[in-house]
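The sequence lines fix the lettering, A, B, ..., with proteins before strands; numbering per chain opens at 1.
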2 protein chains.
Amino acid sequence: MSTRPTPPKYLTAAEFLIREIAAGRLSDGERLSPERDMAAEMGLAVGTLRRALADLEGKGLLERVQGSGNYIRNSPDITGLYGFFRLERPDGGGVPTAETLSVALLPKPAHAPDFGADRNGHRIRRLRRLDGIPVAIEEIWLDGARAREVRQADLSDSLYLFYRKSLGFWIARTEDRVGLAPVPGWAPTGFAPAPGATAGHVARLAQDQDGQAVEFSETWFDPATARYVARQR
Amino acid sequence: MSTRPTPPKYLTAAEFLIREIAAGRLSDGERLSPERDMAAEMGLAVGTLRRALADLEGKGLLERVQGSGNYIRNSPDITGLYGFFRLERPDGGGVPTAETLSVALLPKPAHAPDFGADRNGHRIRRLRRLDGIPVAIEEIWLDGARAREVRQADLSDSLYLFYRKSLGFWIARTEDRVGLAPVPGWAPTGFAPAPGATAGHVARLAQDQDGQAVEFSETWFDPATARYVARQR
DNA sequence: AGGAATTTGTGCGTATGTATC
DNA sequence: AGATACATACGCACAAATTCC
């Protein structure tokens with residue numbers, strides 16, 4: 001009979017801290033105990049704990065400041081952890097906001113790729129603005145198994161923050177396909193390209209920290225008022 | 001008077017190894033000496049060298065195999081280290097190739113952002129194909145200070161491989177802006193959208209390992225035959 | 001097939017440097 | 001200036017994976 005090898009302590013420690021953060025027991029800006037104290041409490045050598053902390057820093061969950069301390073980084077930083085891609089005004093910049101138009105639990109659409117365990121998904125439709133100007137519409141499908149219910153009132157500008165704070169997972173990897181596509185019929189009045197007109201189109205498949213695909217989304221943006229920006233590495 | 005602090009040994013060691021690889025003295029697949037031997041040669045503790053090796057592994061330049069050794073990973077893997085973004089066929093996949101149309105040393109264009117020290121740049125124009133079908137044209141401006149001369153014969157499908165192998169630097173970060181733009185007049189016959197017609201447009205600014213901006217490029221792709229794909233994280 | 005040798009991975013403890021408070 | 005706290009570096013012991021004989 002084969003037994004699974006015990007994971008290394010530094011991984012166990014890192015996962016423990018990640019769960020603490022995800023569960024909200026460690027919140028934004030909070031300073032952790034000194035490394036030596038934490039190590040003693042957890043029964044680890046300082047070097048072992050330091051390796052776990054380095055992992056968390058790599059994930060962007062922690063800021064380590066020499067001579068000061070280790071700080072939880074849990075803020076809704078648009079351009080930071082969640083800045084996989086963004087929309088910008090053609091001349092750069094622009095303050096992004098999002099307005100949730102509707103939320104519904106429905107069967108996943110046929111054209112969506114296989115993702116998640118559930119047959120249904122939470123469909124979230126949003127209007128996105130830069131400096132108050134509508135520049136894009138968005139349809140997001142979150143796998144139904146990830147939340148019993150998604151209430152419109154719970155959603156803020158950052159959907160990914162909601163995932164982490166309320167649903168206990170986070171988006172670790174994404175793959176975006178950018179092309180052109182006609183604007184769908186549900187586009188609200190006020191969004192520049194009329195339904196049927198050609199717009200920039202982003203199809204995204206997003207995975208959580210364990211590599212599970214949890215979300216499929218489509219964004220239609222007006223090329224006259226917005227650009228898709230991807231910063232890499 | 002202030003003196004610059006000496007960099008940590010693990011960084012010095014990592015940079016030394018990176019230069020060895022870039023200079024070709026360590027080539028693909030080659031196995032390094034055992035860690036303990038290398039550490040002794042370099043006058044370092046094993047742990048210090050191991051940190052340098054871990055850095056290289058993080059950059060994808062090294063593969064570390066427990067019980068076996070450390071192996072140089074220097075292959076021209078299109079989707080690997082240099083796969084910042086790629087063009088794909090609408091249904092996915094497609095074998096990418098590139099045909100260099102022209103190379104010239106010219107003053108940088110006015111619409112390019114500030115990058116590099118030189119007033120001039122090497123302008124490289126390419127036709128890109130997927131499965132042999134022309135899907136995009138590309139105009140790349142490499143800062144003139146980075147190479148005395150760029151000969152068309154030296155360029156292979158992977159421009160970034162040429163940078164690393166022949167010019168001694170590599171692209172570490174990129175920022176892509178994707179929108180729509182008319183196809184320029186120099187587009188060769190055989191490229192689907194005619195000059196003046198609207199195409200997908202990617203403007204890229206690329207930085208080397210030291211954070212210096214070295215390259216500005218524009219790509220026009222046919223949305224009917226290709227999609228821009230960005231995988232992140 | 002199997003065991004020994006080799007090589008990297010994990011973990012510990014400690015000393016010293018350096019930034020912050 | 002002193003205390004605190006993280007960063008670097010060293011050396012060692014043992015575990016686990018691979019390779020060699």
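- Across the protein-nucleic acid pair, B/Glu63 atom CD and C/dT7 atom C1' stand 15 Å apart, rounded to whole Å.
- For C/dC21, the OP1/OP2 oxygens have a side-chain nitrogen or oxygen of A/Ser68 closer than 4.0 Å.
- Here B/Arg123 pairs with nothing under the salt bridge (charged side-chain N to carboxylate O under 4.0 Å, His left out) rule; sequence neighbours left out.
- A donor-acceptor pair under 3.5 Å is absent between the side-chain atoms of A/Asp208 and the main chain of A/Ile171, judged by distance alone.
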Sequence neighbours excluded and cut-off under 3.5 Å, please list the side-chain donor-acceptor pairs for residues 87-94 of chain A, or say none.
from: A/Glu88; atom 1: OE1; to: B/Arg177; atom 2: NE; distance (Å): 3.2
from: A/Glu88; atom 1: OE1; to: B/Arg177; atom 2: NH2; distance (Å): 3.0
from: A/Glu88; atom 1: OE2; to: A/Arg86; atom 2: NE; distance (Å): 3.2
from: A/Glu88; atom 1: OE2; to: A/Arg86; atom 2: NH2; distance (Å): 2.6
from: A/Glu88; atom 1: OE2; to: B/Arg177; atom 2: NH2; distance (Å): 3.2
from: A/Arg89; atom 1: NH1; to: A/Asp131; atom 2: OD2; distance (Å): 2.6

**Q.** Contact pattern, 5' to 3', of nucleotides 9-16 of chain C - B, S or - by protein heavy atom under 4.0 Å
**A.** BBSB----
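- In terms of modelled atom types and a separation under 3.5 Å, the side chain of A/Lys108 and the main chain of A/Asp114 share no donor-acceptor contact.
- Without hydrogens or angle criteria, B/Lys9 side chain to B/Leu49 main chain gives no donor-acceptor distance under 3.5 Å.
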